[in-house]
Amino acid sequence: MPVDSVELARFLIGRVLVHESRAGTTSGRIVETEAYVVGDAACHAFRGPTARNRSLFLERGHAYVYLNYGVWYLFNISSESRGVGAGVLIRALEPLEGVALMQVRRGSDRLRDLARGPGRLTVAMDIDRRHDGLDLCADGPLWLGRISGPAAQIAASVRIGITRDAHRLLRFYERGSAFVSGPARLGGAGG
DNA sequence: CGGCTGATGATCT
DNA sequence: GATCATCAGCCGG
């Protein structure tokens with residue numbers, strides 16, 4: 001696993017996220033991420049640890065899950081050494097296993113929309129605060145698997161939905177994927 | 001497809 | 001009391 005937050009954000013594109021829940025197993029291929037780095041005013045850890053964000057300060061590879069807008073859980077992976085607050089937001093998955101279960105959880109049959117967007121993917125995968133702080137590289141219900149499919153062509157853009165440090169190109173996604181969230185016009189930079 | 005808006009509640013100041 | 005790392009639904013072209 002890369003030592004740098006931006007490297008991790010790129011490294012995660014194409015890898016599989018698996019949740020083995022009581023209701024069944026769901027998994028998806030990560031197609032979109034955003035890095036929230038050290039010294040980044042948009043990062044929740046920017047002002048130091050709190051009860052909510054403490055998982056960002058765990059060794060890289062731990063889950064940070066928080067409630068956004070009082071409605072949606074957003075799933076991140078801590079990305080630096082223990083004591084350093086930074087992480088990678090998982091923004092979209094291409095559904096692999098457990099599509100039928102995802103459809104039930106999401107209340108929708110539309111494959112493309114099941115896990116396209118950070119709030120949708122936690123619903124489809126049934127990820128919430130119970131998973132906050134889990135080591136995603138250890139034995140457990142939620143874990144990171146290997147690369148799925150051919151090597152992805154990765155593009156970069158500005159991050160979505162933030163106002164501070166908004167100009168930085170810290171969003172990464174698989175070029176051409178139908179499962180990437182956000183307006184298409186944000187695409188185009190890098191590769 | 002792009003643009004807009006209300007919902008909604010934990011968290012932090 | 002302000003601030004959100006969003007989403008579904010609605011509208012116009």
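As a basis for the values below, the full set of heavy atoms in this structure was taken, side chains included, without hydrogen atoms, waters or symmetry mates. Below, read A as the first sequence line, B as the second, and so on, with proteins coming before strands; counting in each chain starts at 1.
Considering only heavy atoms from C-beta on, A/R171 stays 4.5 Å or farther from A/T33 through its side chain. Considering only heavy atoms from C-beta on, A/L170 stays 4.5 Å or farther from A/E34 through its side chain.
Panel note: side chain A/R112, backbone A/A178; a donor-acceptor pair is recorded below 3.5 Å. In terms of modelled atom types and a separation under 3.5 Å, the side chain of A/R120 and the main chain of A/R116 share a donor-acceptor contact.
The heavy-atom pair separating A/S108 from A/L114 by the smallest distance is O-CD2, 3.6 Å. Nearest heavy atoms, A/L96 versus A/V99: O-CG2, 3.6 Å. A pairwise comparison of heavy atoms in A/R29 and A/A152 identifies NH2-CB, 4.1 Å as the closest pair.
Atom pair A/N68:CG and B/dC12:P shows a separation of 13 Å (rounding to whole Å applied). Rounded to an integer number of Å, the gap from CG of A/L114 to P of C/dT6 is 19 Å. What separates CD1 of A/I160 from C1' of C/dC7 is a distance of 13 Å, to the nearest Å. For A/L121 and C/dA5, the CG to P distance is 16 Å, given to the nearest whole Å. Taking atom OH on A/Y66 and atom C1' on B/dA10, their separation rounds to 12 Å, with Å as the unit.
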Both atom distances under 3.5 Å, Watson-Crick or G-U wobble: I'd like the secondary structure of DNA chain C as a dot-bracket string, with | for pairs made across strands. ||||.|||||||.
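Each of A/R106 and A/T163 was assigned the nucleotide of DNA chain C with the nearest heavy atom; the assignment lying further toward the 5' end belongs to A/T163.
The neighbour count for A/R129 CZ, taken as heavy atoms of other residues, nucleotides or ligands under 6.0 Å away, is above 12.
For the segment residues 44-57 of chain A, the set of residues with a heavy atom within less than 4.0 Å of an atom of DNA chain B comprises A/R47, A/T50, A/R52, in numerical order. Non-hydrogen atoms lying under 4.0 Å from DNA chain B are contributed by A/Y69, A/G70, A/V71, all within residues 69-105 of chain A.
Cation-pi geometry between A/R130 and A/Y73 is not satisfied (NZ or CZ under 6.0 Å from the ring centre, within 45° of the ring normal).
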